[in-house]
Amino acid sequence: MQKFKMKVDPRGSYAQLHRWHFVLKLSPSYELAHQYRQGKITKKSFLSAVAEPDLVLQTYDDLGYTWDLSFEKWHKRSPNNFKPKNVDAVVKTIINLPNGRDVNKSKLEQAMWTTIVERENRGFPPMLLLAIPLDIPTAKAMRLVENKLVQLKKMYNESLEDLQNRNKPKYQVRKTKLRTASIRTSINTVSTKIAHPDWPLWKVGSLLEINKDAAKAIMENEEANAKIKASGKRLNKRDNLFDLKILMNTLTSRFIKYGFLLAENAARGRFPCVDPILNADGSKASTRYDFDEFHKIYAANMHRLGIDIPEDK
């Protein structure tokens with residue numbers, strides 16, 4: 001798979017949503033939910049293989065199979081999946097009525113209609129439309145507006161915090177202490193290993209430069225060995241970079257674990273998150289990938305969508 005690249009602020013919510021859309025392709029639980037919904041596996045097989053199965057199915061039904069949905073279509077799949085209903089609830093001018101009777105009725109109707117549509121897009125939160133004469137003192141106008149707001153909020157018996165909580169989206173990007181670079185590296189590490197299941201971990205880590213100094217030394221050594229082999233000479237059986245490869249294996253394995261947890265938590269409506277996945281008895285679920293099996297799924301989807309699979313380097 002290609003490296004995951006963003007053209008927007010890599011630390012912002014929009015970038016995180018892009019990652020969420022992508023990382024669902026890397027979740028074994030999410031793939032099993034897809035197979036179950038497609039009738040390819042039985043309910044018993046699905047339930048026995050997946051922790052928190054109801055949560056995974058709910059996420060799948062809400063967010064869909066991201067192999068078949070572009071980010072734009074996925075993001076718009078349901079307005080309330082990610083967008084708070086009151087996200088753009090700002091005080092705005094609907095229309096300014098001039099002196100006299102010279103009122104553009106079509107413009108007024110269009111302004112009112114736009115306001116109603118925006119309210120609908122936010123999930124119909126309570127809204128107050130006011131007519132404020134501009135020939136009264138500003139302080140007096142503000143007092144009158146405040147009185148109206150207080151009266152209506154008492155009528156709804158809801159505080160501002162209550163309204164915000166009620167209008168929360170179904171799925172939210174989480175606040176996390178995870179570094180953005182670590183999230184991206186974890187996703188890229190898993191996707192690269194899935195694309196090349198036969199590669200040793202040190203090769204995956206070296207390609208992604210998880211440790212730049214070690215990666216440079218390892219790749220230079222591999223290139224030198226390739227030239228020796230091509231010349232027909234014998235290679236030194238003792239690998240003088242054994243320790244560096246062990247280091248790279250360890251680092252790569254760590255990022256694969258984080259990538260797995262990112263994908264599996266995303267399949268349960270939590271992202272970015274690397275919390276352990278728990279079985280019904282409270283024990284930790286396995287965090288191991290079957291890379292050979294997942295490569296088949298990856299290759300089949302790429303072929304189905306007419307996308308070229310990157311060749312081995």
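All residue numbers refer to positions in the sequence shown, counting from 1.
By the 4.0 Å N-to-carboxylate-O rule, Glu222 lies close enough to Lys245 to be salt-bridged with it.
Residues Leu244 and Ala214 come closest through the heavy atom pair CD2-CB, 4.1 Å. Shortest non-hydrogen contact noted between Thr176 and Leu178 is OG1-N, 3.0 Å. Annotation for Leu241 and Ala217: closest pair CD1-O, 3.3 Å, computed over non-hydrogen atoms. Minimum interatomic distance between Ala51 and Leu278 (heavy atoms only, all atoms of both residues): CB-O, 3.4 Å. Taking each heavy atom of Gln35 and Ile297 in turn, the nearest pair found is NE2-CD1, 4.2 Å. For the residue pair Phe294 and Pro28, the shortest heavy atom distance occurs at CE1-CA, 3.6 Å.
We find the CD1-CG distance between Ile132 and Leu144 to be 8.5 Å, quoted to the nearest 0.5 Å. Atoms NZ and CD1, from Lys43 and Ile41 in turn, are 12.5 Å apart once rounded to the nearest 0.5 Å. A distance of 14.5 Å separates CG in Leu26 from NZ in Lys193, rounded to the nearest 0.5 Å. Going from atom CG of Leu69 over to atom NZ of Lys76 covers 13.0 Å, rounded to the nearest 0.5 Å. Distance check: Asn211 CG to Lys216 NZ gives 12.5 Å after rounding to the nearest 0.5 Å. With rounding to the nearest 0.5 Å, the separation of NE2 in His34 from NZ in Lys40 is 5.0 Å.
Remark: Glu146 CD is loosely packed, at most 12 non-hydrogen atoms of other residues, nucleotides or ligands lying under 6.0 Å away. Counting non-hydrogen atoms of neighbouring residues, nucleotides and ligands closer than 6.0 angstrom, the CZ atom of Arg304 exceeds 12 such neighbours.
For the residue pair Tyr65 / Glu31, a side-chain donor-acceptor distance below 3.5 Å is found, with atom types taken as modelled. A donor-acceptor pair shorter than 3.5 Å cannot be found between the side chains of Thr189 and Thr192.
The cluster map of Ile, Leu, Val, Met, Phe, Trp and Tyr, joined by side-chain heavy atoms under 4.5 Å apart, puts Leu17 and Val274 in the same cluster. By the rule that hydrophobic residues join a cluster once side-chain heavy atoms approach within less than 4.5 Å of another member, Phe71 and Leu305 end up as members of one cluster. Cluster annotation: Leu55 is not connected to Leu47 through the hydrophobic network of ILVMFWY side chains, with a link wherever side-chain heavy atoms come within less than 4.5 Å. The hydrophobic cluster containing Leu262 does not contain Val50, counting ILVMFWY residues as joined when their side-chain heavy atoms lie under 4.5 angstrom apart, directly or transitively.
Remark: the backbone N or O of Asp275 is paired with a side-chain donor or acceptor of Asn265 at under 3.5 angstrom. With Thr42 contributing its side chain and Ser45 its backbone, the two residues share a donor-acceptor pair below 3.5 Å. Using modelled atom types, no side-chain atom of Asn279 and backbone atom of Asp281 make a donor-acceptor pair closer than 3.5 Å. In this structure, the side chain of Ser27 does not engage the main chain of Leu24 through any donor-acceptor pair within 3.5 Å.
With a 4.5 Å cut-off on side-chain heavy atoms, His75 and His21 do not count as touching. Residues Phe271 and Gln16 form a side-chain contact, since some pair of their non-hydrogen atoms from C-beta on lies under 4.5 Å apart. Contact annotation: the side chain of Arg37 approaches that of Leu57 to within less than 4.5 Å [non-hydrogen atoms, C-beta and beyond]. In this structure, Ser29 and Arg268 have side chains that are in contact, with non-hydrogen atoms separated by less than 4.5 Å. In this structure, the side chains of Val190 and Lys25 stay at 4.5 Å or more apart for every pair of heavy atoms. Ile277 is not listed as a side-chain neighbour of Thr287, based on a closest heavy-atom distance of 4.5 Å or more. Within the 4.5 Å cutoff, the side chain of Arg19 has no heavy atoms near those of the Pro272 side chain.
With Tyr30 as the partner, the ring pair (Phe, Tyr, Trp, His ring centres under 6.0 Å) test is satisfied by one option alone out of Tyr36, Phe46, Trp20, Tyr60: Tyr60. A side chain to side chain donor-acceptor pair (under 3.5 Å) with Gln58 is found for exactly one of Asp61, Asp54, Asp62, namely Asp62. A ring pair (Phe, Tyr, Trp, His ring centres under 6.0 Å) with Trp74 holds for exactly one of Trp67, Phe22, Phe82; it is Phe82.
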Which pairs of donor and acceptor atoms, one on a side chain in residues 248-260, lie under 3.5 Å apart (sequence neighbours left out)?
| unit_1 | atom_1 | unit_2 | atom_2 | d |
| --- | --- | --- | --- | --- |
| Asn249 | OD1 | Trp202 | N | 2.7 |
| Thr250 | OG1 | Ile246 | O | 3.0 |
| Thr252 | OG1 | Leu201 | O | 3.3 |
| Thr252 | OG1 | Met248 | O | 2.7 |

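Aromatic pair Tyr298/Phe291: ring centres not closer than 6.0 Å.
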